[in-house]
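To start, the structure under review is shown below, and the notes come after it.
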There are 2 protein chains.
Amino acid sequence: MPQADASPRKVTLSDIADGCGVSRATVSLVLRGSPLVNADTRARVQAEFRKQGYVYNRAAANLRSGTSSAVALIVNDLSNPYFAEFAAGVDEALAGAGCVTLLGSTGESAERQDQVLASLLEHAPAGIILSPAEGSDGAAVARRVGVHTPLLVFNRELAGDFDLLALDNRHGAQLATEHLLALGHRRIAFFGGHRDSSSCRQRREGFVAALADAGIAAEPGWMVETAPTRLEAARQAGALFARDPAPTAAVCYNDAVALGLQLGLAARGRQSGRDFAVVGFDDIPEAAVSSPPLTTIGTDPRARGRQAAYRILARSRDATIAATRTIAPVRLVVRESSCKPSKDLA
Amino acid sequence: MPQADASPRKVTLSDIADGCGVSRATVSLVLRGSPLVNADTRARVQAEFRKQGYVYNRAAANLRSGTSSAVALIVNDLSNPYFAEFAAGVDEALAGAGCVTLLGSTGESAERQDQVLASLLEHAPAGIILSPAEGSDGAAVARRVGVHTPLLVFNRELAGDFDLLALDNRHGAQLATEHLLALGHRRIAFFGGHRDSSSCRQRREGFVAALADAGIAAEPGWMVETAPTRLEAARQAGALFARDPAPTAAVCYNDAVALGLQLGLAARGRQSGRDFAVVGFDDIPEAAVSSPPLTTIGTDPRARGRQAAYRILARSRDATIAATRTIAPVRLVVRESSCKPSKDLA
DNA sequence: CGCCGCATTTGGATCGATCCAAACGCATGC
DNA sequence: GCATGCGTTTGGATCGATCCAAATGCGGCG
């Protein structure tokens with residue numbers, strides 16, 4: 001019977017050793033499943049583990065062995081469903097590998113990011129997965145992280161020689177644009193995002209390239225900038241219809257912006273999927289259940305999270321692996337928000 | 001100039017001591033801001049910190065001092081926006097207190113929860129915040145956690161003498177129901193959730209009580225059970241209209257279910273806020289931007305997260321604090337999904 | 001001149017695990 | 001009887017910080 005003994009002191013490896021008359025070293029070997037120990041001894045020690053309710057002290061082990069089983073994950077904001085999904089993927093993969101996730105969030109502030117990095121580094125993580133805050137300085141990050149901890153940059157470019165996992169933003173926007181072109185649209189806007197963010201820049205490039213391939217020049221007045229939030233996007237929807245002719249469709253910076261645009265359209269008596277076509281980017285869970293369901297570019301953030309975790313674990317096992325830049329593929333998910341141009345507008 | 005020296009070994013406190021000709025003990029005192037050390041010495045040591053690029057090794061310090069600055073947070077699923085918000089709140093408060101968040105997720109499996117608890121305990125956290133997986137056994141949790149680590153149970157009841165932070169589910173459902181009654185509804189359903197979850201049970205109780213106060217008996221056929229997901233809820237929407245007369249309004253188990261119900265209604269040619277009133281529970285971010293925006297019960301998960309963090313920190317500083325049960329208040333957030341009963345249905 | 005008190009500094013033990021070289025018991029072979 | 005080898009076990013040093021009792025330097029005071 002495991003006794004819920006309210007003992008004052010924690011049980012250590014020495015207690016186990018004393019308890020069954022072997023040395024600490026032997027107990028340690030059992031702990032790590034070494035084939036060296038005799039089957040009998042192993043059984044006795046393991047019984048003692050249960051009897052005394054031993055819990056392994058990983059910090060002590062790490063101190064001696066110099067390795068660590070924690071990985072730091074730093075995102076801007078967990079309440080962003082895209083990052084939440086990503087974090088869930090990271091945690092899932094790390095847990096599967098027997099590692100634990102150290103969480104940090106920056107709230108898009110480069111200053112806080114530096115503090116969070118410093119704080120997490122004190123726990124000597126095996127690696128760091130960082131989605132850089134806007135405006136972060138690659139050199140500052142590199143200086144803070146140092147040469148001992150592998151770093152994987154996710155989602156945004158960061159100046160410097162970093163391991164990178166990014167989305168194929170350019171190709172995704174291209175897919176979205178081509179989809180609208182194939183439906184018959186000719187007057188297409190690019191809606192939302194901040195021009196100075198690398199992901200927005202890349203998506204705009206893909207958009208412009210797809211239009212160019214179809215022999216269409218992007219209309220500067222239809223490249224509308226907004227904060228990447230629903231609310232801001234809803235407010236700015238009017239900018240699309242400032243002049244005549246107005247666009248009949250929009251490629252949006254991301255799903256949040258697209259959902260905001262849907263609201264903004266509704267407020268102006270239009271409805272996406274009926275008299276205006278909207279395409280998002282990310283395929284966050286809400287995209288499938290908005291009204292109408294949003295056509296978007298699927299990035300599978302959970303799978304990206306798992307991928308990031310595997311990458312950082314591989315690098316922490318073998319520090320000689322060179323930093324690589326991975327561009328994860330994306331795919332078009334067609335739902336109902338993208339319609340053909342209505343006749344009276346075409 | 002901070003030199004980005006690619007030194008092979010990590011800088012330790014001894015290196016600093018050697019570097020400026022004092023003992024390790026003195027350096028340690030500087031590190032902890034002790035008033036004992038001479039201002040001159042302190043300055044010299046701090047200069048050396050910067051020069052050598054020292055990073056504190058918290059694991060080593062914890063080993064000796066027996067304390068830890070990490071707090072474990074275990075939730076079912078980060079991709080649930082309610083938990084994501086909660087986690088963001090926890091992390092925010094912990095970071096403010098100089099602590100770090102250890103993340104774990106159970107995916108609603110009691111078995112995985114036990115594994116995750118075991119894994120996180122090996123890092124000797126200062127405390128654990130646990131949102132128990134469905135069907136978890138309080139005794140098993142208590143046995144696993146032991147007496148050395150303060151535990152705060154969040155969101156769900158767990159049999160046993162635990163520190164608890166829960167929502168006022170009963171009162172929230174009562175508010176929702178009273179709101180619909182005040183609008184003139186008399187035929188009101190309770191939609192979604194699993195009967196065996198404690199939160200669903202409490203919400204149902206509040207619902208039934210509010211109806212009873214108005215002299216109305218709850219109709220068993222209108223207590224519809226579903227998994228607490230959008231998809232499942234959308235599928236089950238038809239169950240409300242199986243018989244005549246049908247309800248004119250529904251109190252939903254949570255927002256996810258309410259959003260699903262809105263979709264299910266639309267698929268049947270009805271629209272919430274026009275010919276059927278819907279009230280949710282939680283006030284997740286999507287609630288404000290669904291169509292129409294959802295009337296719901298605000299629980300402020302981010303504030304709950306901060307509250308949980310403060311509670312567990314207080315307990316870890318003073319273990320003699322008795323376990324307490326806190327029921328956090330909730331409030332009604334009226335939006336557009338709750339309308340008066342339409343005349344032809346009333 | 002020697003002793004005291006104050007401010008500051010220090011060596012050594014310690015936390016709980018791991019690593020390593022060495023030792024142990026025992027059967028085998030010459 | 002002694003060296004050899006194998007399977008198993010072990011003591012002691014070690015990781016990087018903290019804790020504590022004791023030492024140090026120094027100015028003042030009887």
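Every chain is numbered from 1, with letters handed out A, B, ... down the list of sequences. As the structure is a computational prediction, the values presented were derived from the model and not from experiment.
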Just jot down the side chain to side chain donor-acceptor pair (under 3.5 Å) partners of [X], sequence neighbours excluded, or say none.
X: B:Ser109; answer: none
X: A:Arg44; answer: none
X: A:Glu122; answer: B:Arg58
X: A:Asp15; answer: A:Arg9

Heavy-atom closest contact (A:Ala84 atom, A:Leu78 atom, distance):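 Scanning both residues, the minimum pair turns out to be CB-O, 3.4 Å.
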
Name the atoms and distances for all side-chain donor-acceptor pairs under 3.5 Å in residues 124-134 of chain A, with sequence neighbours left out.
none

What pairs of donor and acceptor atoms, side-chain ones from residues 34-43 of chain B against any protein atom, are under 3.5 angstrom apart with sequence neighbours left out?
residue	atom	partner	partner atom	Å
B:Ser34	OG	B:Leu36	N	3.0
B:Asn38	OD1	B:Asp40	N	2.7
B:Arg42	NH1	B:Ser34	O	3.3
B:Arg42	NH2	B:Val37	O	3.3

Assign A:Thr26 to base, sugar-phosphate, or nothing according to its heavy-atom contacts below 4.0 angstrom with the strands shown.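 Here A:Thr26 touches the bases of the nucleic acid.
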
If you look at every strand shown and take non-hydrogen atoms under 4.0 Å, does A:Arg32 touch a base, only sugar-phosphate, or nothing?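 A:Arg32: backbone/sugar contact only, no base atoms under 4.0 Å.
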
Between residues 59-72 of chain A and DNA chain D, which residues have a heavy-atom gap below 4.0 Å?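 Listed by number, they are A:Leu63, A:Arg64.
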
On DNA chain D, compare the nucleotides closest to B:Leu13 and A:Thr41; which residue's is nearer the 5' end?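 The residue closer to the strand's 5' end, by nearest nucleotide, is A:Thr41.
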
Only counting residues at least two apart or in another chain, list the ones meeting ring-ring contact (aromatic ring centres under 6.0 Å, His included) with A:Tyr54.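 For A:Tyr54, the residues satisfying ring-ring contact (aromatic ring centres under 6.0 Å, His included) (neighbours in sequence not counted) are A:Phe49.
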
Can you run down the salt bridge (charged side-chain N to carboxylate O under 4.0 Å, His left out) pairs that involve residues 73-90 of chain B, sequence neighbours left out, and say none if there aren't any?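 Only A:Arg302-B:Asp77, B:Glu85-B:Arg302 qualify under salt bridge (charged side-chain N to carboxylate O under 4.0 Å, His left out).
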
Output every pair passing salt bridge (charged side-chain N to carboxylate O under 4.0 Å, His left out) with a member in residues 17-29 of chain A, not counting sequence neighbours, ordered by first then second residue.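 Pairs touching residues 17-29 of chain A that pass the test: none.
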
Using five base pairs at each end to define the local axes, how bent is the helix from C:dC1-D:dG30 to C:dC30-D:dG1, to the nearest 10°?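 Computed angle between terminal axes is 90°.
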
Nucleotides bounding contact with chain A, strand DNA chain D, heavy-atom threshold 4.0 Å: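 Range of nucleotides within reach of chain A: D:dT8 to D:dG16.
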
